[in-house]
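Comments concern the structure below.
If you're wondering where the values come from, they're calculated on a predicted model, not measured in any experiment. For the numbers below, each heavy atom of this structure counts, side chains included, while hydrogens, waters and symmetry mates do not. Below, chain A is the first sequence line, B the second, and so on; all start at residue 1.
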2 protein chains.
Amino acid sequence: MHELYFQKFNEKVRLTETEQERIKTYLTYKKLRRKQYLLQEGDVCKFIAFVEKGALRAYSVDDSSAEHIIQFGLEGWTISDLYSFLTGEPATYNIDALEDSELVLISKSAHEELLLTMPKYETFTRLNITGAYLAMQRRLTSIIGSSVEERYQDFIALYPHIAQRVPQHMIASYMGLTPETLSRIRKRISTNK
Amino acid sequence: MHELYFQKFNEKVRLTETEQERIKTYLTYKKLRRKQYLLQEGDVCKFIAFVEKGALRAYSVDDSSAEHIIQFGLEGWTISDLYSFLTGEPATYNIDALEDSELVLISKSAHEELLLTMPKYETFTRLNITGAYLAMQRRLTSIIGSSVEERYQDFIALYPHIAQRVPQHMIASYMGLTPETLSRIRKRISTNK
DNA sequence: AAAAAGCATTGACTTGAATCAATGCTTTTG
DNA sequence: CAAAAGCATTGATTCAAGTCAATGCTTTTT
């Protein structure tokens with residue numbers, strides 16, 4: 001039920017059986033059907049979600065009601081509107097399930113208590129956010145400095161599992177492109193080699 | 001000499017005089033003249049730099065030798081090629097001074113030792129990286145979801161002090177635009193209201 | 001103090017992505 | 001299982017940003 005969560009935890013910070021049991025008391029488990037929302041824009045984000053199984057996306061909706069995917073969350077990844085979670089402000093992102101999914105949730109009070117009382121949890125949290133920061137910086141660098149072709153190829157190389165499971169128009173959205181443009185770029189890439 | 005560093009530290013995690021003195025033994029101080037490099041692409045990034053005074057930029061250079069600014073570092077901010085610092089891989093960014101600057105540096109071994117032996121330092125680190133993550137996420141969201149006009153206005157609203165101190169073509173670079181385009185956008189904004 | 005370098009602006013033109021529209025295919029749903 | 005919804009592709013056109021080039025101004029450098 002929390003296998004993957006603790007596997008990932010132990011890869012970063014080694015836990016004893018007892019510590020693991022203790023952390024379990026702070027976690028809740030949630031199943032989500034495809035298309036169900038974990039979070040809707042405007043609500044306060046009450047959890048950080050760890051994806052045990054399935055796939056989710058976080059996205060914002062602009063004035064012309066176009067969706068912009070800011071993040072995918074597949075097995076082993078964490079997904080949340082962190083700003084809303086930390087500040088208690090209304091969320092600016094929506095999060096919903098792309099497939100039937102199973103999540104490990106941690107509430108704000110649980111998160112805060114673990115941070116204060118369990119150094120290993122703080123270390124785990126620090127390493128997670130550091131990884132997320134580095135991943136996002138890579139993405140930003142490639143948006144600012146590379147051609148769309150390169151960016152798409154980098155994306156495929158880096159996240160082949162996402163490319164396989166997620167419809168192409170969502171990858172376009174993640175890249176800040178229209179579906180038509182991405183389709184043409186794929187064509188250009190495949191004919192030019 | 002380290003006033004601002006400890007001011008920021010204390011805003012996040014309260015330190016005793018003794019703790020402060022202990023941390024000081026791990027820090028070094030460095031002055032940089034305008035245009036001097038703190039880090040060059042290809043070298044390994046040996047420090048995290050905290051800006052006590054002055055202004056720096058981190059940027060990458062693409063195939064056509066165009067510069068892309070990934071981050072500014074003004075007083076009170078931290079600047080580094082974090083990926084290179086953490087992994088020991090060659091840096092992909094350059095960092096140089098936009099003005100004569102004064103920096104508080106922490107080396108990797110100092111950083112690691114403090115993380116292991118001083119919980120407050122780990123908390124400080126976690127809060128810093130969390131703040132950096134949230135700032136970058138906001139930037140990414142606005143790149144993906146907003147028009148260039150909006151993005152420029154948001155930038156000015158959020159970082160008025162940067163806009164005042166940094167040449168306009170660097171703001172264009174930070175936004176992923178050419179200087180000409182930014183100039184035209186400013187004109188459009190000023191005439192349309 | 002003069003020369004050089006750096007910077008912002010403007011104009012003319014080109015290029016790349018968005019938009020609008022249509023088609024065929026596949027997956028979901030009632 | 002039939003209808004509907006979702007999806008990828010292609011074509012024609014529009015529009016926004018990039019490129020190239022020139023000018024005038026300001027700041028640095030010598």
Side-chain angles (χ1 to χ4, degrees), chain A residues 32-36 54-55 57 59 61-69 72 96-101 142-153 155-156 162-192, chain B residues 32-36 54-55 57 59 61-69 72 96-101 142-153 155-156 162-192:
Chain A
L32 224 55
R33 293 305 235 32
R34 185 171 135 84
K35 297 197 175 175
Q36 276 191 321
R57 84 228 244 238
Y59 61 97
V61 178
D62 70 19
D63 330 307
S64 33
S65 66
E67 295 175 359
H68 303 280
I69 295 179
F72 291 110
D96 64 15
L98 300 176
E99 308 171 359
D100 296 352
S101 300
S142 106
I143 289 183
I144 288 183
S146 307
S147 72
V148 203
E149 269 90 345
E150 283 169 330
R151 281 169 55 203
Y152 179 70
Q153 315 225 53
F155 176 84
I156 298 297
I162 298 186
Q164 278 158 18
R165 276 167 74 177
V166 160
Q168 196 174 298
H169 72 273
M170 289 192 185
I171 293 169
S173 165
Y174 179 86
M175 295 183 63
L177 303 174
T178 60
E180 293 95 328
T181 297
L182 182 56
S183 171
R184 289 181 178 115
I185 281 158
R186 282 162 49 85
K187 193 179 182 184
R188 228 181 313 173
I189 289 172
S190 66
T191 58
N192 283 20
Chain B
L32 224 56
R33 293 302 234 35
R34 186 171 134 82
K35 296 196 177 175
Q36 276 192 322
R57 85 230 243 237
Y59 61 97
V61 178
D62 70 20
D63 329 309
S64 32
S65 67
E67 295 176 358
H68 302 281
I69 296 180
F72 291 110
D96 64 15
L98 300 177
E99 309 171 0
D100 295 354
S101 300
S142 104
I143 289 182
I144 290 184
S146 308
S147 73
V148 202
E149 270 90 345
E150 284 169 329
R151 281 168 56 203
Y152 179 69
Q153 315 226 54
F155 176 84
I156 296 297
I162 299 186
Q164 277 159 17
R165 276 167 75 177
V166 159
Q168 197 174 297
H169 72 271
M170 290 193 185
I171 294 170
S173 165
Y174 179 87
M175 295 183 63
L177 301 174
T178 60
E180 294 95 328
T181 297
L182 182 56
S183 171
R184 288 180 180 117
I185 281 157
R186 281 162 49 84
K187 192 178 182 186
R188 228 180 314 172
I189 288 172
S190 66
T191 58
N192 284 17

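Contact between the side-chain N/O atoms of A:Gln168 and the OP1/OP2 oxygens of D:dG6 is not found at any separation under 4.0 Å. Contact check, A:Arg151 against C:dA17: no side-chain N or O comes under 4.0 Å of OP1 or OP2. Distances shorter than 4.0 Å separate some side-chain N or O of B:Lys187 from OP1 or OP2 on C:dT10. Distances shown here put a side-chain N or O of B:His169 below 4.0 Å from the OP1 or OP2 atom of C:dA8.
Interatomic distance, B:Ile144 CD1 to A:Ile143 CD1, rounded to the nearest 0.5 Å: 5.0 Å. One distance of note links CG of A:Leu177 with CD1 of A:Ile171; it measures 11.0 Å at 0.5 Å rounding. Atoms NE2 and OG, on B:His68 and A:Ser142 in that order, are 11.0 Å from each other to the nearest 0.5 Å.
The minimum heavy-atom distance linking A:Gly54 with A:Ser101 is given by the pair CA-OG, 3.5 Å. Nearest approach of A:Leu182 to A:Ala172, heavy atoms of both residues: CD2-N, 3.6 Å. Nearest approach of B:Arg57 to B:Ile69, heavy atoms of both residues: NE-CD1, 4.0 Å.
Distance, B:Met170 CE to C:dA8 C1': 14 Å, rounded to whole Å. Protein atom CG of B:Leu98 is 14 Å distant from nucleotide atom C1' of C:dG6, rounded to whole Å. One interatomic measurement links the two molecules: CE of B:Met175 to P of D:dA17, which rounds to 10 Å at whole-angstrom precision. In this structure, CD1 of B:Ile143 is placed 14 Å from P of D:dA17, rounded to the nearest angstrom. Counting to the nearest Å, the P atom of D:dG18 and the CG atom of B:Leu182 are 10 Å from each other. Here C:dG16 presents its P atom at 20 Å from CZ of A:Arg186, a figure rounded to the nearest Å. Atom CZ in B:Arg188 sits about 8 Å away from atom C1' in D:dA16, given to the nearest Å. If you take CG of A:Asp100 and C1' of C:dT28, they are 13 Å apart, rounded to a whole angstrom.
Contact check on A:Asp96 versus A:Lys35 returns no salt bridge, with no Lys/Arg side-chain nitrogen under 4.0 Å from an Asp/Glu carboxylate oxygen.
Axis deviation across the helix from C:dA1-D:dT30 to C:dG30-D:dC1 amounts to 60°, comparing end segments of five pairs, rounded to 10 degrees.
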Nucleotide N/O to protein N/O under 3.5 Å, stretch nucleotides 19-23 of chain C:
| unit_1 | atom_1 | unit_2 | atom_2 | d |
| --- | --- | --- | --- | --- |
| C:dT19 | O4 | A:Arg184 | NH1 | 3.3 |
| C:dC20 | N4 | A:Glu180 | OE2 | 3.2 |

Distances under 3.5 Å between nitrogen or oxygen atoms of protein and nucleotides 27-29 of chain D:
none

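Side-chain atoms of B:Leu98 and B:Met170, non-hydrogen and from C-beta on, do get closer than 4.5 Å to each other.
Remark: A:Arg151 pairs with no residue by the side-chain hydrogen bond (donor to acceptor under 3.5 Å, both in side chains) rule, at least two apart or across chains. Applying the side-chain hydrogen bond (donor to acceptor under 3.5 Å, both in side chains) criterion to B:Tyr152, with sequence neighbours excluded, gives B:Arg186.
For the salt bridge (charged side-chain N to carboxylate O under 4.0 Å, His left out) condition, the pairs that include at least one residue of residues 163-180 of chain B, sequence neighbours left out, are B:Glu75-B:Arg165, B:Glu99-B:Arg165.
In this structure, A:Leu177 reaches the sugar-phosphate backbone alone: every heavy-atom distance under 4.0 Å involves primed, P, OP1 or OP2 atoms, never a base.
For B:Asp100 (side chain) and B:Arg33 (main-chain N/O), no donor-acceptor pair under 3.5 Å exists by modelled atom type.
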